Structures are given as structure tokens and as C-alpha cells.
Amino acid sequence: MPLYGARSTRMATPPRNAISPTRAEDYPEWYQQVVKAADLAEASAVRGCMVIKPWGYALWERIQGQLDRMFKDTGHSNAYFPLFIPLRYLQREADHVEGFAKECAVVTHHRLEADEEGQLVPAAELDEPYVVRPTSETIIGETYAKWVQSYRDLPVLINQWANVVRWELRPRLFLRTVEFLWQEGHTAHETAEEAQQETRQMLDVYTTFAEEHMAMPVVAGEKTAAERFPGAVDTYTVEAMMQDRKALQAGTSHFMGQNFARACDISFSGRDGAISHAWTTSWGVSTRLVGGVIMSHGDDDGAVLPPRLAPHQVTILPIYKSDEQRAEVLAYCQSLVASLAEQSYAGEPVRADIDDRDLRGGEKNWQAIKRGVPIRVEVGPRDIAADAVSVGRRDRAPRDRDSLPRAAFVAAMADTLAGMQAGLLERARQLRAENTTAVRSLDELRELFNDGEGGFALAPMAPDADLRPETAAALGELKVSARCMPLSPEALGVDLPTDLPCVFGSTEDARPTLLARAY
RNA sequence: CGGGAUGUAGCCCAGCGGCUAGGGCACCUGCUUUGGGAGCAGGAGAUCGGAGGUUCGAGUCCUCUCAUCCCGACCA
């Protein structure tokens, strides 16, 4: 029998994997193919801007919903501030201007008029241009200045869900687009300590969210001087390792000191009668998290969604031939949805969806796989007769299916989902552990990133060493940046002796610092 | 914003200056199939990214332009 006969005689034989190329072959291209195959988003007619498709948006809504509750639980309220920021507002904080000036969209006119050829041209120039918000510190600061008179008006604890625009020159779906969706929390406090506590509290919220909801382990830490938010005193971040071992900044939290309060004049009469500037913070995560989910868990068959984030956790594929069978099968599926909804996973009813589209079964099955639905269930007349269901799991091979008694399947659902959620987190943790290395010198760093596997390097570094040109050059050569100074470096599980000097030769005290290539 | 590559049907691609621009997948119709990314037959779908130009003749050559991808620079 010819060895290759079976394959060559059936040209329609599907590829082994749903996604081509595989992660190992070409990771960036794999990512783009997954975004497409999982029906999450697509490039739009507007350069650099994406259309988020229903499945991708549903995923974002899950992220929003969970985070929003965590914000409310920590005492915050939602509000909404303008998209347009007067140019002079942005100008108030010098570092802030410098940080964002290069990527601002500017609105200069407020009317269109037809010229002689009937072409619409901008008319009615504005006296003062508006900037489309790249972030809202200044407009919100101006507003808080009016709201805050007394220490009794503090703290102000507000979050907004909004879109922002940063004119990026090299966009990538979800990871870096010209317009994106995010939340930005902005708070004002009476004391520095309280504001610092808020900054750290929200960093903890992001850490908890990333690990418990996204199953994405993160390293929480403080940014080095060169990586700090423009205008911030301290910037904290959560950094995650993607499957190509590069770092993704998944959220940031900033302690602004009194910089913005001074720039926007947020001042109040204190308990002692003296007038002081407030202490402010801001913190945010964006639709970039969707990219993080894909790159943390996706495999060569598409997206793999953690059960807590999956818009629905179970896809039910009804199988029938005749109309009579259809009625019977659908009724059974609907009762199955209801039974699952009576089960509670992570404090919510289990979400199941019946895919009764007029498509071939195999097609629907593969779509569910590519979209990353945790559980697939096939229900046909045979299953109904046996009161059983045929179950596939996204964390197992596509054709690996079990037949389970319906009652047992339903009763075990919460445990099954919890197991999958825990499994994803554990696997991601393991990847990070296997690819994190202690680095004691610049030579070791070069070896790791030039010849070795890369990943996360934990190295002693002075907090402002990367402001020095020679350090920036050394890092640039390796395409590496300082991601953060971890708050708990020991949790990374590598052995880095204390008291080592900065690998970049700074004479100042070094701190264990995470170095990596990054998105 | 610099360097490179690519734009031909919804998707992936073939097409040496010369007949009416092809194929695969997807789509529509019919039949056959049905626990699986189905088979056969038929059908529809393209101003070849856009604008100029060279030529008897341009998908093919030239110029400009737009978009996408890769590499840089930049990126809280």
C-alpha cells in the first residue's frame, strides 16, 4: 500500500490544524489568522482602526462586566467626559505633552462646505483646535478642579469607559490600533498616602482580574524611569508572558503625585485651614486584553477562551435529519440550556448557546473550536434515546469526544469549567516559569537574547539606568526593554542574589528588574 | 515616518504586451449523502486597488497615489 496514497487521493482532506501557519512557524501571522478565524475583529476601511465583530465584542463585554463590578466593589462610580480636549489643556503638564504630542489627532474645523467641483472641504476653522483624547487626565483634572473645594469633597473616585485615539504608525488588531476601547479610572485624594494606596489597590484589581478571570499570570511591578507614564511620579504595571515569550503590558496604574493637581489647579481647604493640591491617580486597561487572551491561550486550532470570559461556555450542536426530529432535538437542546443555566459557575449561571444555523455539522463544530468555546455538545436522536450527550472540550483534541449521561454532564459542569480555567492558568504559569532566567551581567543578558531562548530576564538594574543613553543603546541592540521592577521578585522562582550591581554599570542601588522583548 | 514586499471574485492564488482573465475554497440551485470541516452536476460572482501615461493593443511596461504585510524609528 502506498504510504502517501490516502492523502493524495483525497485532496479535500482538511489540514491537521485549523490555523495556518502554526505558532511555531510564524507567531505574528498565526495571531492575525486566529483573530480572523475566531471572528473577533477585522481591519476596517479606516487605516489603523478595527471593526470589532460580535464575538470579539461579546468577549470585551465580559471583560468590562467583570472589571466594572470590581471597580464598583472598591467604591468607584462611572461617569463620562468629553472626547475633545482643548489644546491648551494638554499643554498644562509638560511631560504629559511631550509623551503624547506625537500621536494626537487634532480637530481644526467644525463644518464642511462644497467647493466649485462639489467636493466637501473643511470650513469654519476653530479658534482653538481640539485634540481627540489620547487619555483624559487633563480634561478630567479641569473638571475635578471645579468639584473639589474642601477636604470633605475628597476622595473623588471615578472611572470612565471610553474610546481613545493614539495615532499609531504600525497598528495590529487589538494590540495597537489608532482607536481603541478602554477604561480609565481617575481619582483625587487628600493625602499622598491615600493616593498611593489607591494606585496599588487598582494594580491588585488588575492582577486579580488577569489571573482569576483571564487565566493570565502577570508580574506586578513598578516601571523604571524611562518607561513611566508622562506626568506620573510612579507607574505600576502588570506584565504577562505571551506564548512567543514576549511581554505584554496588560494594565497600568499611576500615582501622579500633585503634578496634575498643580497643572489643573485641583486644590482644597484642608482640615488645618490651609489650601493644598490634591493627590491624583489614574489607571487603565484596554481592548488589548483581548489580544492577551488570544496570545496566552490560543493554539494551532484557534482561540481558546477561559470559561469565565467566554461569552458562552457551551455550544450545543443539534443533529437531526427530518423536521419531526428537528422539533424533538431542539426541544431537548432547549431543556439542556435551561438545566445548564441552573448550574452556577463562578457565581453566574452557566451560559449555553444552541447553534441551529443551517450549516453542516462539521462546519459548525470547527467554528466553535476556532472561536474558542470551552465545551461543545452534540445532541442527536441517538443521544436523546440514551439521555446522553456527546461532549468535546477545547482543551483536548478536536476529535476527542466523550459520551456522557446528561445528568452527570450537567451536574459536573461547574467543576469541568473550573478545571479548564485552572488548567489554562497553570499551563501559562508553567510557560513563564520555564522561560524566566536570572541574569547577573550584561554579557549574560546578551547571551540570553542573542543566542538563547529569550523570555523574561530578572536582572539587577538601577531604577533610572535606562535614562542613560548607553543603557538605552544596549537595550535597543537586544530589542529588550525594562518591563518592571517586580513587587515580589521572589515569586518568579529564579535565584537572583541580592546586592549585585546594576548590569548596566550604574553606581546607584540596583533592584531586581524584569527585562524582556515586548509588544 | 524611512527601507523592503504585495495588491487579480468573499478568501487563497495562476496569468510570457496579443482571442471572451483562469483555478481552488466559499456562495446559489438540483440530486445523492448525513454523528461531521461531504460527493456529483449545473450556476452566479472581477470595471485585475485607484489615477495618469507608453503602445495598433496593458492584468502584464512607466509615473504618481492609496492600502496591507514585514523590518526599523516611535509607542502611557
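Residue numbers begin at 1 in each chain, while the letters A, B, ... track the order of the sequences. Any value given below was found using the heavy atoms of this structure, including those in side chains, with hydrogens, waters and symmetry copies removed. Nothing here was measured: the structure is a model prediction, and the numbers come from that model.
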Inset, instruction - Look at R47(A) and U68(B) and indicate whether a side-chain polar atom (N or O) is within less than 4.0 Å of OP1 or OP2. - result: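 Yes, within the criterion.
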With a cut-off of less than 4.0 Å, is there a side-chain N or O of Q32(A) near OP1 or OP2 of C69(B)?
yes
Pick the [atom1] atom in [N] and in [M], then give their distance to the nearest Å.
{"N": "G15(B)", "M": "G24(B)", "atom1": "C1'", "value": "15 Å"}
{"N": "U55(B)", "M": "C61(B)", "atom1": "C1'", "value": "10 Å"}
{"N": "A21(B)", "M": "G49(B)", "atom1": "P", "value": "15 Å"}
{"N": "U20(B)", "M": "C31(B)", "atom1": "P", "value": "38 Å"}
{"N": "G45(B)", "M": "A38(B)", "atom1": "P", "value": "26 Å"}
{"N": "C27(B)", "M": "G10(B)", "atom1": "C1'", "value": "8 Å"}
{"N": "G59(B)", "M": "G2(B)", "atom1": "P", "value": "31 Å"}
{"N": "C16(B)", "M": "C62(B)", "atom1": "P", "value": "14 Å"}

d([atom1], [X]; [atom2], [N]) in whole Å:
{"X": "M50(A)", "N": "A67(B)", "atom1": "CE", "atom2": "C1'", "answer": "19 Å"}
{"X": "W366(A)", "N": "C25(B)", "atom1": "CH2", "atom2": "P", "answer": "19 Å"}
{"X": "F174(A)", "N": "C75(B)", "atom1": "CZ", "atom2": "C1'", "answer": "19 Å"}
{"X": "Y27(A)", "N": "C70(B)", "atom1": "OH", "atom2": "P", "answer": "14 Å"}
{"X": "R170(A)", "N": "A73(B)", "atom1": "CZ", "atom2": "C1'", "answer": "10 Å"}
{"X": "R172(A)", "N": "C71(B)", "atom1": "CZ", "atom2": "C1'", "answer": "12 Å"}
{"X": "N365(A)", "N": "A38(B)", "atom1": "CG", "atom2": "P", "answer": "11 Å"}
{"X": "Y31(A)", "N": "C69(B)", "atom1": "OH", "atom2": "C1'", "answer": "15 Å"}

Given [options], the nucleotide with the shortest approach to the side chain of [X]:
{"X": "E363(A)", "options": "C71(B), G37(B), G35(B)", "value": "G37(B)"}
{"X": "K370(A)", "options": "G35(B), G37(B), C70(B)", "value": "G37(B)"}
{"X": "P381(A)", "options": "C75(B), G35(B), U34(B)", "value": "G35(B)"}
{"X": "K36(A)", "options": "C11(B), C75(B), G35(B)", "value": "C11(B)"}
{"X": "E103(A)", "options": "U33(B), C75(B), G35(B)", "value": "C75(B)"}

Residue pairs passing the salt bridge (charged side-chain N to carboxylate O under 4.0 Å, His left out) test with at least one member in residues 313-328 of chain A, sequence neighbours excluded, are R326(A)-D356(A)
In short, salt bridge (charged side-chain N to carboxylate O under 4.0 Å, His left out) pairs touching residues 44-55 of chain A with sequence neighbours left out are D39(A)-K53(A), E42(A)-K53(A)
> Per the atom types in the model, does the base of G35(B) pair as donor or acceptor with the side chain of R382(A) at under 3.5 Å?
Replying inline: yes
Judged by nearest nucleotide, the residue sitting upstream toward the 5' end of RNA chain B, L359(A) or D383(A), is L359(A)
_I want to confirm an ordering. Mapping K102(A) and L169(A) to their closest nucleotides on RNA chain B, which one lands closer to the 5' end?_
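Mapping each residue to its closest nucleotide by heavy atoms, the 5'-most match is L169(A).
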Which base sits across from [N] as a Watson-Crick or G-U pair, both distances under 3.5 Å?
{"N": "C69(B)", "value": "G4(B)"}
{"N": "C16(B)", "value": "none"}
{"N": "G59(B)", "value": "none"}
{"N": "U29(B)", "value": "A41(B)"}
{"N": "U54(B)", "value": "none"}
{"N": "C74(B)", "value": "none"}

Contact class for [X] (heavy atom, under 4.0 Å): base, sugar-phosphate, or nothing?
{"X": "S390(A)", "answer": "base"}
{"X": "G48(A)", "answer": "sugar-phosphate"}
{"X": "E29(A)", "answer": "nothing"}
{"X": "R228(A)", "answer": "sugar-phosphate"}
{"X": "F180(A)", "answer": "base"}
{"X": "G99(A)", "answer": "nothing"}

- Query: Would R401(A) and S403(A) count as having a side-chain donor-acceptor pair, cut-off 3.5 Å?
  - Reply: no
| Flag for T22(A)-N17(A): side-chain donor and acceptor within less than 3.5 Å |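 No, no side-chain donor-acceptor contact under 3.5 Å.
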*Under 6.0 Å between the ring centres of Y144(A) and H186(A)?*
no
Hits for salt bridge (Lys or Arg N to Asp or Glu O under 4.0 Å) against E227(A), two or more places apart or cross-chain, chain-then-number order -> none
Got a list of side-chain donor-acceptor pairs under 3.5 Å for residues 512-519 of chain A, not counting sequence neighbours?
| residue | atom | partner | partner atom | Å |
| --- | --- | --- | --- | --- |
| T513(A) | OG1 | R511(A) | O | 2.8 |
| R517(A) | NE | L478(A) | O | 2.9 |
| R517(A) | NH2 | F449(A) | O | 3.1 |
| R517(A) | NH2 | L478(A) | O | 3.0 |
| Y519(A) | OH | D244(A) | OD2 | 2.5 |

So, with a heavy-atom separation below 4.0 Å from RNA chain B, the residues of residues 469-485 of chain A are K479(A)
**Message:** On the six-membered ring of F81(A), is R133(A) placed so that its NZ or CZ lies under 6.0 angstrom from the centre and within 45° of the ring axis?
**Reply:**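 Judged by the rule (NZ or CZ under 6.0 Å from the ring centre, within 45° of its axis), R133(A) is not positioned above F81(A).
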By ring-ring contact (aromatic ring centres under 6.0 Å, His included), W167(A) pairs with (sequence neighbours left out) none
- Message: Looking at F456(A), is its backbone amide N or carbonyl O close enough to the side chain of R245(A) to form a donor-acceptor pair, meaning the two atoms are under 3.5 Å apart?
- Response: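 Looks like no, no N/O pair under 3.5 Å.
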Exercise. Mark yes when over 12 heavy atoms from residues, nucleotides or ligands other than Q197(A) sit less than 6.0 Å from its CD; otherwise mark no.
Key: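 No, not enclosed.
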